[in-house]
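As a basis for the values below, the full set of heavy atoms in this structure was taken, side chains included, without hydrogen atoms, waters or symmetry mates.
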Amino acid sequence: MKKIDFKKEYKKLFRQSDKKISYIVSPKLNYLTIEGKGHPEKNTGFEQKIGALYGVAYTLKFMFKNPDFQPPEYFDFVIPPMETFWYMNNCDGFDVNRPNDWRWTLLLMQAGYITPQHIEHAKNELIKKGKTNDFTEDLQLKKIKKEKAVQLLHIGPYNQVSETVEKLMKELESKGLEPYGKYREIYLNDSRRVPPEKLKTICRLPFRGSL
């Protein structure tokens with residue numbers, strides 16, 4: 001059976017230049033999600049929530065190898081890069097200087113055939129194996145709505161992405177468009193294996209208005 005790679009199926013969502021801004025439409029898709037708040041470096045639960053996210057995602061993949069568990073639409077797929085929504089508590093936009101008000105959602109794209117019931121099965125399997133953490137129960141499956149956005153690749157440390165976001169803001173302003181919704185980052189490589197100066201992050205800013 002062919003294994004689907006979402007990075008290839010949705011090339012415009014995962015392939016981006018660091019030189020030229022792209023206008024894209026992100027379709028409505030299935031995501032495994034978990035919420036959090038505050039600055040990740042000062043949040044002891046951040047890494048645990050990432051662990052919970054991947055723990056359930058890989059448990060699902062293993063469970064679907066059993067033909068009796070597979071839905072009719074089943075296909076195997078590569079676990080895609082992790083993404084994060086960033087937004088503020090009780091206000092529009094995102095202010096990098098107010099980390100106490102930061103809110104975030106960790107995301108992993110999932111196949112459309114996966115249901116909340118499948119997620120609960122995976123959680124229960126992890127419980128049986130004693131491999132859960134304090135945040136496993138907080139995971140949810142959500143449909144993320146379709147949206148128009150601009151995006152640009154940032155190469156370098158995470159704490160410098162604001163420079164790239166500023167370019168996106170200026171691009172929208174020059175076209176008379178308004179930033180709208182939650183700012184998103186897509187992490188194309190692993191910060192545990194790659195030096196900060198080589199990290200690749202797609203910065204995506206949704207907008208409203210017409211070109």
Problem - Cation-pi geometry met for K49 and F135 (6.0 Å, 45°) - result: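 Yes - K49 lies over the ring of F135, closer than 6.0 Å to its centre and within 45° of its axis.
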
Problem - Cation over ring face, K175 and Y23, 6.0 Å, 45° - result: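 No, cation not above the ring by the 6.0 Å, 45° rule.
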
Cluster overlap [X] with [Y], hydrophobic side-chain contacts below 4.5 Å:
X    : Y    : result
L32  : I4   : yes
Y180 : L168 : no
F14  : V78  : no

Pairwise distance [atom1]([X]) to [atom2]([Y]) - rounded to 0.5 angstrom:
X    : Y    : atom1 : atom2 : answer
F69  : L60  : CZ    : CG    : 6.5 Å
I50  : L108 : CD1   : CG    : 9.5 Å
I186 : C203 : CD1   : SG    : 8.0 Å
I202 : E83  : CD1   : CD    : 8.5 Å
E73  : I114 : CD    : CD1   : 11.0 Å
L205 : T164 : CG    : OG1   : 12.0 Å

Sidechain-backbone polar pair: [X] side chain, [Y] backbone, donor-acceptor under 3.5 Å:
X    : Y    : answer
R15  : K8   : no
S22  : I24  : no
N30  : K143 : no
N189 : V194 : no
Q151 : K12  : yes
E163 : K167 : no
D5   : F77  : no

So [Y] and [X], do their side chains get closer than 4.5 Å, heavy atoms only?
X    : Y    : value
T201 : Y158 : yes
K198 : I155 : no
V56  : L126 : yes
Y113 : P71  : yes
R208 : K148 : no
W86  : W102 : yes
S191 : L199 : yes
I127 : E137 : yes

Exercise for the section: Please identify each residue that fulfils side-chain contact (heavy atoms from CB on, under 4.5 Å) with T33, with sequence neighbours left out. Expected result: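 T33: side-chain contact (heavy atoms from CB on, under 4.5 Å) contacts with Y31, T105, L107, Q140, K142.
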
Practice task
Check whether more than 12 heavy atoms from other residues, nucleotides or ligands sit under 6.0 Å from atom CD of E173, and answer yes or no.
Solution key: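 Open.
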
Exercise for the section: Take L106 and M82 through the test side chain to side chain contact (heavy atoms under 4.5 Å, CB included) and record every step on the way to the result. Expected result: CA-CA 7 Å; L106 302 177; M82 191 182 78; 4.1 Å; yes

Exercise for the section: Check P81 against L188 and note the closest heavy-atom contact, atom names and distance. Expected result: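 Where P81 meets L188 most closely, the heavy atoms are CG-CD2, 4.3 Å.
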
Practice task
Can you see which heavy atom on L177 is nearest to which on P179, and at what distance?
Solution key: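 Closest heavy-atom pair between L177 and P179: O-CD, 3.9 Å.
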
Handout entry: Partner residues of E120 under the side chain to side chain donor-acceptor pair (under 3.5 Å) criterion, sequence neighbours left out
Key =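 By the side chain to side chain donor-acceptor pair (under 3.5 Å) rule, E120 matches K123.
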
Practice task
Any chance you could lay out the side chain to side chain contact (heavy atoms under 4.5 Å, CB included) test for H154 and K200, step after step, and finish with the verdict?
Solution key: CA-CA 6 Å; H154 173 81; K200 294 182 178 181; over 6 Å; no

Exercise for the section: Check each of F75, Y58, Y74 against F64 using the ring-ring contact (aromatic ring centres under 6.0 Å, His included) test, and report the only one that passes. Expected result: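 In the set F75, Y58, Y74, the residue that makes a ring-ring contact (aromatic ring centres under 6.0 Å, His included) with F64 is Y74.
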
Practice task
Answer yes if the side chains of W104 and E35 hold a donor-acceptor pair under 3.5 Å, and no otherwise.
Solution key: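 Distance-only check fails for W104 and E35.
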
Handout entry: Flag for E185-Y187: side-chain donor and acceptor within less than 3.5 Å
Key =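 There is such a pair (donor and acceptor under 3.5 Å, judged by atom type) between the side chains of Y187 and E185.
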
Exercise for the section: Show your reasoning for whether side chain to side chain contact (heavy atoms under 4.5 Å, CB included) applies to Y10 and S26. Expected result: CA-CA 9 Å; Y10 301 102; S26 178; over 6 Å; no

Practice task
Apply salt bridge (Lys or Arg N to Asp or Glu O under 4.0 Å) to the pair E147 and K182, showing each step before the final yes or no.
Solution key: CA-CA 10 Å; E147 63 181 9; K182 299 174 181 178; over 6 Å; no

Practice task
Might you work through the side chain to side chain contact (heavy atoms under 4.5 Å, CB included) test for L13 and L29, ending with a clear yes or no?
Solution key: CA-CA 12 Å; L13 302 185; L29 293 167; 4.1 Å; yes

Problem - Centroid separation F46 to H39 less than 6.0 Å - result: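 So the answer is no for these two rings.
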
